[in-house]
Engineer: 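Below is a structure I'd like to ask you about.
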Amino acid sequence: MRATGFERIVVLTGAGISAESGLDTFRDEDGLWSQVDLEDVATPDGYARDPAYVLDFHNKLRAGLRRVDPNPAHAALAELERRHAGEVLVVTQNVDDLHERAGSGNLIHMHGELLKIRCQACGTVRTETGDVTTGSTCAACGQTGRLRPHVVWFHEMPMGMDEINAALARCDLFISIGTSGNVYPAAGFVADVRRAGRAHTVELNLEPSESASLFAERIHGPASDVVPAYVSRLLNGI
């Protein structure tokens, strides 16, 4: 089934979609950045100063993923990908695996994945669901103390940008879900799509984002409510 009028759909998701599964957010008033100094736990310099502290912080985040499940918004996007005859690409700012567990397959983690680690010695990336310490050894090259979370820290470049930019340039529907609109480059995607001049733009958010005025259509409310409802409209041609 083709969502009426649209061939290529790009969906951007942010912390708001995962917050409804019970994951802690970073930028809310009582979010993680109010509890720790981001320069200590989420920068290359912080890792260089105290890798044990940074690894422990990410171990706790990783453990938190085991306590939550995908919510109806994640499930709705997986259904959209499954049933839409055209292309559906989910670009997520989230480092959790909730989209995958809900069934999404065409997915780019632009800020990396918490359940993967990367060896700084040989570049090998592998899945890791347990704890990583400064004593952990790379299974590929055998070096110890060179493993880091496969996530994008502050002052690092997001992943998959060439593929993302190509998808934004050719999409005819851009949907932004659960984003604050103040984290770049993702916050600039709607402006990029508008410049291309071919896509309808939609914001599905708990409240208006900082970029809300740039969207042609704005629907505000909990993601678990508004995302399934909007996907149903698309798939049923409403």
Side-chain angles (χ1 to χ4, degrees), residues 6 8-21 23-35 38 42-43 71-74 76-77 80 88-96 98-99 104 107-112 114 151-231 233-234:
F6 301 114
R8 301 179 181 90
I9 302 172
V10 174
V11 183
L12 171 68
T13 66
I17 194 171
S18 294
E20 292 189 31
S21 288
L23 277 182
D24 291 332
T25 60
F26 288 86
R27 292 181 176 273
D28 288 343
E29 183 176 344
D30 59 348
L32 291 172
W33 293 150
S34 69
Q35 304 167 29
L38 66 87
T43 65
N71 62 57
H74 295 104
L77 294 179
L80 179 62
V88 177
L89 171 66
V90 174
V91 177
T92 186
Q93 297 172 274
N94 301 330
V95 296
D96 61 64
L98 297 180
H99 282 300
S104 290
L107 179 68
I108 297 176
H109 280 274
M110 63 181 294
H111 292 163
L114 188 59
V151 299
V152 175
W153 287 328
F154 290 93
H155 315 309
E156 295 183 324
M157 288 296 295
M159 301 177 184
M161 287 306 300
D162 287 344
E163 185 178 354
I164 293 169
N165 287 332
L168 292 172
R170 66 175 182 266
C171 75
D172 51 11
L173 175 61
F174 173 70
I175 308 171
S176 177
I177 301 170
T179 65
S180 62
N182 61 10
V183 179
Y184 285 84
F189 288 172
V190 63
D192 294 338
V193 169
R194 281 168 58 96
R195 278 192 294 270
R198 67 180 64 183
H200 181 59
T201 56
V202 182
E203 174 174 276
L204 306 178
N205 217 31
L206 182 61
E207 56 190 22
S209 72
E210 292 190 14
S211 305
S213 63
L214 298 179
F215 289 88
E217 187 176 358
R218 298 174 294 277
I219 303 172
H220 299 127
S224 293
D225 294 334
V226 299
V227 176
Y230 191 80
V231 167
R233 282 176 50 193
L234 287 175

Engineer: Kindly compute the distance separating CD (Glu217) from NE2 (His200), expressed to the nearest 0.5 Å.
Structural biologist: 4.0 Å

Engineer: Please evaluate residues Leu89 and Ile108 with respect to the criterion side-chain contact (heavy atoms from CB on, under 4.5 Å), reporting the C-alpha separation (whole Å), side-chain torsions for both, the decisive distance (0.1 Å), and the verdict.
Structural biologist: CA-CA 8 Å; Leu89 171 66; Ile108 297 176; 4.0 Å; yes

Engineer: Taking all heavy atoms of Pro158 and all of His111, pick out the closest pair and write down the distance.
Structural biologist: CB-CD2, 4.4 Å

Engineer: Before giving the answer on side-chain contact (heavy atoms from CB on, under 4.5 Å), spell out for Val91 and Thr13 the whole-Å C-alpha distance, their side-chain angles and the decisive distance to 0.1 Å.
Structural biologist: CA-CA 6 Å; Val91 177; Thr13 66; over 6 Å; no

Engineer: Testing the basics here: between Ser18 and Asp96, what is the closest heavy-atom pair and its distance to 0.1 Å?
Structural biologist: OG-OD2, 2.7 Å

Engineer: Taking Asn205 for the side chain and Gly178 for the main chain, is one N or O donor matched with an acceptor at less than 3.5 Å?
Structural biologist: yes

Engineer: Counting N and O atoms only, with roles assigned by atom type, does the side chain of Asp172 sit under 3.5 Å from a partner on the main chain of Phe6, one being a donor and the other an acceptor?
Structural biologist: no

Engineer: Taking the side chain as every heavy atom from C-beta outward, state whether Leu214 and Arg194 have any pair of such atoms under 4.5 Å apart.
Structural biologist: yes

Engineer: Evaluate the side-chain proximity of Ile17 to Thr179: yes if any heavy-atom separation is below 4.5 Å, no if none is.
Structural biologist: no

Engineer: Please round to the nearest 0.5 Å and tell me the distance separating atom OG1 of Thr92 and atom NE2 of His99.
Structural biologist: 4.0 Å

Engineer: Side chains of Glu203 and Ser176 only: does a donor on one sit below 3.5 Å from an acceptor on the other?
Structural biologist: no

Engineer: Exactly one of Val11, Ile9, Leu12 should register a side chain to side chain contact (heavy atoms under 4.5 Å, CB included) with Phe174. Which one does?
Structural biologist: Leu12

Engineer: I need the minimum non-hydrogen distance between Cys171 and Arg198, along with the two atoms involved.
Structural biologist: O-CG, 3.3 Å

Engineer: Which value, rounded to the nearest 0.5 Å, describes the distance between Leu204 atom CG and Arg218 atom CZ?
Structural biologist: 12.0 Å

Engineer: Should His74 and Ser104 count as side-chain neighbours, where that means a heavy-atom distance under 4.5 Å?
Structural biologist: no

Engineer: Before you tell me yes or no, could you show the steps for Glu163 and Arg170 under salt bridge (Lys or Arg N to Asp or Glu O under 4.0 Å), namely the whole-Å CA-CA distance, both residues' side-chain angles and the distance that decides it to 0.1 Å?
Structural biologist: CA-CA 11 Å; Glu163 185 178 354; Arg170 66 175 182 266; over 6 Å; no

Engineer: Donor-acceptor check, side chain of His220 to backbone of Leu206, threshold 3.5 angstrom: yes or no?
Structural biologist: no

Engineer: So, for Ala223 and Ile177, which heavy atoms are closest and what is the spacing to 0.1 Å?
Structural biologist: CB-CG2, 4.5 Å

Engineer: Can a donor-acceptor pair be found, under 3.5 Å and without considering hydrogens, that links the side chain of Glu20 to the backbone of Ser224?
Structural biologist: yes

Engineer: CZ/Phe189 to OG/Ser211 distance, rounded to the nearest 0.5 angstrom?
Structural biologist: 11.5 Å

Engineer: Check whether any side-chain heavy atom of Leu77 lies under 4.5 Å from a side-chain heavy atom of Val227, and answer yes or no.
Structural biologist: yes

Engineer: Going from OH on Tyr230 to CD1 on Ile219, what distance comes out if it is rounded to the nearest 0.5 angstrom?
Structural biologist: 6.5 Å

Engineer: Quick one, Val183 and Gln93 - any side-chain contact, counting heavy atoms below 4.5 Å?
Structural biologist: yes

Engineer: Taking all non-hydrogen atoms of both residues, which atom of Gly112 and which atom of Val152 are closest, and how far apart?
Structural biologist: N-CG2, 4.1 Å

Engineer: Mind checking the CG-CG spacing from Asn71 to Asp225? Nearest 0.5 Å is all I need.
Structural biologist: 10.0 Å

Engineer: Side chains of His109 and Met159, heavy atoms from C-beta outward: is any pair under 4.5 Å?
Structural biologist: no

Engineer: Any side-chain heavy-atom pair from Leu98 and Leu23 closer than 4.5 angstrom?
Structural biologist: yes

Engineer: What is the minimum heavy-atom distance between Ala76 and Pro228, and which atoms define it?
Structural biologist: CB-CA, 3.7 Å

Engineer: Check whether any side-chain heavy atom of Ile175 lies under 4.5 Å from a side-chain heavy atom of Thr201, and answer yes or no.
Structural biologist: no

